[in-house]
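Note: hydrogens, waters and symmetry copies are ignored here, and every other heavy atom, side chains too, is used. Please read these numbers as outputs of a predicted model, since none were measured by experiment. We number each residue from 1, following the sequence as shown.
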Amino acid sequence: MAKVNPGEFIRQVRAETSKVVWPTRQETIQTGIMVMIMTAVLAVFFLGVDSFFNMIVRFLIGLVS
């Protein structure tokens, strides 16, 4: 890979940055809300899975003692 001088590097970075399509404020808010909802759903799901395995382990420990 060829080395690029700092000036050329800055020009390339600016050119690439100008190609980026930045999300609107509404898109950012909607995405944030969806992330919060999915996080809550997954938290509840993993709480259920963890509780289920906890119940199984307590049952198995109860058999031993």
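Distance check: N5 CG to R11 CZ gives 6.5 Å after rounding to the nearest 0.5 Å.
Residues passing the side-chain contact (heavy atoms from CB on, under 4.5 Å) test with P23 are E27, T28, sequence neighbours excluded. With sequence neighbours left out, N54 forms a side chain to side chain donor-acceptor pair (under 3.5 Å) with R58. Partners of E16 by side chain to side chain donor-acceptor pair (under 3.5 Å), not counting sequence neighbours, listed by chain and number: K19. Residues passing the side-chain contact (heavy atoms from CB on, under 4.5 Å) test with V13, sequence neighbours excluded: F9, T17. Annotation: side-chain contact (heavy atoms from CB on, under 4.5 Å) contacts of I29 (sequence neighbours excluded): R25, I33.
By the 6.0 Å contact criterion, CD on E8 is enclosed, its count of non-hydrogen atoms from other residues, nucleotides or ligands being greater than 12.
Listed by chain and number, the hydrophobic cluster partners of I56 are L42, F45, F46, V49, F52, F53, M55, F59, L60, L63, where partners are ILVMFWY side chains within reach of under 4.5 Å, directly or through others.
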